[in-house]
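My structure is below; once you've seen it, I'll send some questions.
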Amino acid sequence: MSSAVQFWEQGSDLERPLLEIKDLAINFRTSHGDVNAVRNAHLTIMPGETVAIVGESGSGKSTTALAAIGLLPTNGRVAGGQILFDGEDISNASEKRMIELRGSHIGMVPQDPMSNLNPVWKIGFQVRETLKANGLPSGPDDVAEVLSQAGLPDAARRAKQYPHEFSGGMRQRALIAIGLSCQPRLLIADEPTSALDVTVQRQILDHLDTMTTELGTAVLLITHDLGLAAERADKVVVMYRGQVVEAGPSLELLRNPRHPYTQRLVSSAPSLASRRIQVAKEQGVESTDLLAPTEPVVVEEALPEDVLKVEDLTKVFKLRGALGRSTDFTAVDNVSFSVKRGTTTAIVGESGSGKSTVAQMVLNLLAPTSGKIVFDGVDTSTLNSRQLFAFRRRVQPIFQDPYGSLDPMYNIFRTIEEPLRTHKVGNKASREKKVRELLDQVALPQSAMQRYPNELSGGQRQRVAIARALALDPEVIICDEAVSALDVLVQAQVLNLLADLQSNLGLTYLFITHDLAVVRQIADHVCVMEKGKLVETGSTDDVFDSPRQDYTKALLNAIPGAHLMLPPEVATA
Amino acid sequence: MATYILKRFLQLIPVFLGATLLVYFLVFSLPGDPIVALFGDKPVNEAVAAQLRAQYHLDQPFWIQYLLYLKGIFTFDLGQDFSGRPIAAVLGEVFPVTARLAVMALIFEAVFGIIFGLIAGLRKGKFFDATVLIASLIVIGIPIFVLGFLLQFTIGVQLGWAKPTVSSAATVQDLILPAIVLGLGSFAYVLRLTRTSVIENMNADYVRTATAKGLSRFRVVRVHILRNSLIPVITFLGADLGALMGGAIVTEGIFNVPGVGNRLYRAVTQGEGPTVVSIVTVLVLIYVVSNLLVDLLYAWLDPRIRYDA
């Protein structure tokens with residue numbers, strides 16, 4: 001780390017750094033006393049430069065960035081070190097001084113576009129008050145100008161709308177507009193696109209790049225995605241458990257990671273170099289090398305039977321318009337595909353492509369408008385309530401949000417036992433035995449049984465959700481964005497777990513995701529959906545190596561860091 | 001929106017019929033003969049009693065009585081109370097008094113509840129917050145008639161800051177103390193609701209973003225914390241208006257306010273069916289309409305809410 005510090009200092013000979021963080025320590029006051037969230041953090045940003053902090057959640061990367069704009073949570077405080085903004089130490093600056101700096105000198109683009117705009121005020125109002133607070137002209141034209149610069153079409157009309165009338169990408173554009181509206185010299189971008197679709201992500205980041213280059217704004221980019229950091233930033237700072245473990249120019253750091261944590265991050269960064277996990281396994285490769293590029297092996301399936309067949313599936317929603325007029329919206333348009341037993345089929349698409357609607361219909365939670373779903377030779381729409389109950393036992397879902405899909409009032413034992421009880425499986429003792437086995441299968445300690453979801457990490461929660469889905473020994477598991485909410489390292493662990501379970505239990509997965517890098521690692525077959533239609537299907541390798549549709553190519557190109565070809569020895573280091 | 005409002009008004013019809021039928025039936029089922037009770041200790045004059053029964057249709061079966069009452073309503077004749085005054089005139093006399101009392105109580109609880117709740121929320125865990133929380137718990141815990149008599153005695157009688165009882169004119173000045181007593185319970189509730197809501201909103205992402213924009217603390221609190229926190233509070237206040245009007249019986253009893261509660265109590269004890277039903281029906285209608293207003297207000301406060309027909 002000391003060499004990294006030297007590196008920064010060498011760069012600062014010519015001009016003064018815009019932001020310099022020295023020996024920063026941040027403590028959080030909790031009921032168990034002070035907790036040290038960040039210590040010995042060093043960081044230097046020159047004017048106009050982009051620096052990324054990379055790390056998993058809880059690594060202190062956001063905390064460090066928030067300290068630089070004086071927005072630590074109320075129980076957090078700077079316990080030591082300095083934050084020099086343009087030479088001025090702002091680590092303990094007065095609130096008055098910070099209000100002067102915020103907006104006009106240091107701007108922020110927050111992480112989640114859904115929760116960062118006040119739902120009760122119009123977009124234009126929220127832009128206008130920013131301009132006004134920083135003493136800039138704030139007429140309707142100025143507001144529209146700011147919004148259109150951020151790439152929002154039809155800005156004057158859009159300014160009169162409320163946040164809920166905007167899509168996620170548009171909201172993020174509005175937030176970028178707000179963050180850059182007063183032309184700050186430093187922009188803190190805290191995971192600015194992690195909540196967005198991959199193609200939208202690329203557009204937004206490109207636009208942010210263009211704008212900050214034009215304005216000469218320095219950017220402090222916070223991300224958990226090493227590929228994205230390497231692609232967008234001049235320098236990368238890696239944080240782990242509150243400390244800066246490595247720092248340096250992006251490509252150099254990526255090609256030659258020295259700290260073990262950085263090496264792990266580089267090796268598990270999902271990218272196009274990855275291959276199917278299970279395939280790698282069958283070659284006898286060590287589990288740590290699973291994501292390394294290997295030659296694909298064609299696996300002959302013993303039971304090539306179609307366990308699930310979707311034929312001409314269509315779903316039309318009626319949208320309520322003004323004055324009681326309704327318009328039809330075709331969410332899923334004539335989609336057909338089949339899933340072979342024991343394999344993984346991924347449905348890929350952006351939000352709004354209809355992929356989750358397909359999942360809901362396959363789960364029989366939503367009735368199709370036309371077309372049919374055949375499970376194990378039986379049309380699922382013809383099931384009576386008893387057959388449906390049996391069907392539910394054989395087809396189980398795992399959902400995206402491990403925070404929302406577990407009942408906070410149920411302990412882990414009760415959560416996993418519930419499906420067994422609902423389906424009247426076994427007695428109390430045998431159910432408890434089963435729960436213990438399930439916890440073993442998903443590599444959770446048995447002591448977790450008495451704990452509650454809020455006491456577990458995101459990855460552990462998703463393991464609980466997997467255990468719950470497995471409780472009834474299902475044949476098919478529908479994973480609706482099951483790993484999208486997880487950090488990259490945890491994501492790799494959960495994907496490995498799913499692959500293991502598949503080979504041990506012969507499970508069939510239908511994997512709904514927007515993340516092509518994940519598809520590459522887990523799926524045998526891919527269905528690409530765009531605006532309700534199936535635009536491309538094929539084996540994963542075919543689709544990735546020679547995509548036929550422009551849309552698929554666009555999706556593949558949008559993967560952060562896709563073009564950064566890493567030498568294979570790096571990934572296996 | 002217009003269709004939605006129309007629909008809500010059409011819902012008033014079954015509510016009106018149901019409420020009148022139910023209340024009429026309850027009064028009809030009261031034990032004892034109201035006409036006999038009118039004679040008090042004096043011997044009952046059967047001829048007079050029979051004439052009175054005929055006049056108030058008390059000699060008819062329940063359905064006939066109820067239908068005659070309904071017919072009266074639709075011909076704008078609510079009948080007379082036992083002292084011979086038109087019920088419509090009685091309503092016109094008592095409702096303005098109680099409405100004034102309820103609105104004053106509402107203003108009291110809204111203004112003080114929101115201010116105290118906001119400050120407590122912003123200073124969560126500090127001295128002011130703890131004090132206000134304990135005080136509000138005490139207010140919620142003590143029955144209103146205890147608080148009423150206590151305040152009447154200390155502020156009204158001993159300190160002489162306000163009149164302990166209300167004159168027959170029931171002026172705004174007269175009603176200050178009763179309004180505070182009436183609003184106290186809801187005041188504590190509004191305070192706690194505002195506090196919780198403020199604390200929740202303070203930690204919202206958009207509040208942090210608002211601060212990051214460079215807004216002053218005052219503006220962040222007023223525009224982004226308070227405004228959003230008021231949504232559940234206003235919903236409660238609207239629904240509370242109806243509850244305050246109906247719930248004023250105890251307060252009106254303590255301070256001798258010539259309002260709905262007092263008159264309703266007398267009508268119930270005397271078994272004056274039409275008077276009871278008329279008063280209760282108006283209360284029910286006020287309740288339903290104020291709830292409709294709350295729903296409309298809610299849509300105005302929170303643009304994400306849309307009412308479809």
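Computed from a prediction, not measured in an experiment: that's the story for all the values here. Quick note on labels: first sequence line is chain A, next is B, and so on, each numbered from 1.
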Taking atom CD of Gln11(B) as the centre, report whether more than 12 heavy atoms of other residues, nucleotides or ligands fall under 6.0 Å from it.
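Yes, the 6.0 Å shell around CD holds more than 12 heavy atoms from other groups.
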Segment of Ser115(A) engaging chain B (4.5 angstrom heavy-atom cut-off):
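Looking at Ser115(A), backbone and side chain both touch chain B.
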Quick check: under 4.5 Å, non-hydrogen atoms only, which of residues 225-234 of chain B neighbour chain A?
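Arg227(B), Asn228(B), Ile231(B), listed by number.
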Under a 4.0 Å threshold between the charged nitrogen and the carboxylate oxygen, would Arg217(B) count as salt-bridged to Glu95(A)?
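Answer for the salt bridge query: no.
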Identify which part of Leu66(A) has an atom lying under 4.5 Å from any heavy atom of chain B, answering side chain, backbone, both or neither.
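Contact with chain B involves the side chain of Leu66(A) alone.
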Which heavy atom of Ala133(A) sits nearest a heavy atom of Gly214(B), and at what distance?
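Shortest heavy-atom contact: CB-O, 3.8 Å.
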Nearest atoms (heavy-atom pairs only) where Asn118(A) meets Val223(B)
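Closest pair (atom of Asn118(A), atom of Val223(B), distance): ND2-O, 4.0 Å.
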Phe128(B), CZ atom: more than 12 neighbouring heavy atoms under 6.0 Å
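More than 12 within 6.0 Å, yes.
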Residues in residues 106-123 of chain B that sit under 4.5 Å from chain A, counting heavy atoms only:
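The stretch does not come within 4.5 Å of chain A.
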So for Ala212(B), is it side chain, backbone, both, or neither that comes closer than 4.5 Å to the heavy atoms of chain A?
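Both backbone and side chain.
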Criterion side-chain contact (heavy atoms from CB on, under 4.5 Å) on His224(B) and Glu129(A), from CA distance to verdict
CA-CA 11 Å; His224(B) 293 281; Glu129(A) 67 172 3; 2.5 Å; yes
Give, for atom CE of Met98(A) and atom OG1 of Thr211(B), the distance between the pair rounded to the nearest 0.5 Å.
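One gets 11.0 Å once the value is rounded to the nearest 0.5 Å.
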Could you pull out all residues at least two apart from Tyr66(B) that satisfy ring-ring contact (aromatic ring centres under 6.0 Å, His included)?
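Listed in chain order: Tyr24(B).
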Given that the side chain runs from C-beta out, which part of Val207(B) has a heavy atom under 4.5 Å from chain A: side chain, backbone, both or neither?
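Neither part, no heavy atoms under 4.5 Å.
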Measure Glu165(A) against the heavy atoms of chain B and call it side chain, backbone, both or neither at under 4.5 Å.
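Contact with chain B is absent: no heavy atom of Glu165(A) under 4.5 Å.
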Which residues in residues 169-178 of chain A have a heavy atom less than 4.5 Å from any heavy atom of chain B?
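Within residues 169-178 of chain A, the residues under 4.5 Å from chain B are Leu175(A), Ile178(A).
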So does Phe166(A) have more than 12 non-hydrogen atoms from other groups sitting under 6.0 Å from CZ?
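Yes - once you tally the heavy atoms of other residues, nucleotides and ligands closer than 6.0 Å, there are more than 12.
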Whether the side chain of Asn134(A) engages the backbone of Lys213(B) through a donor-acceptor N/O pair (distance < 3.5 Å, no angle test) should be reported.
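It does hold such a pair.
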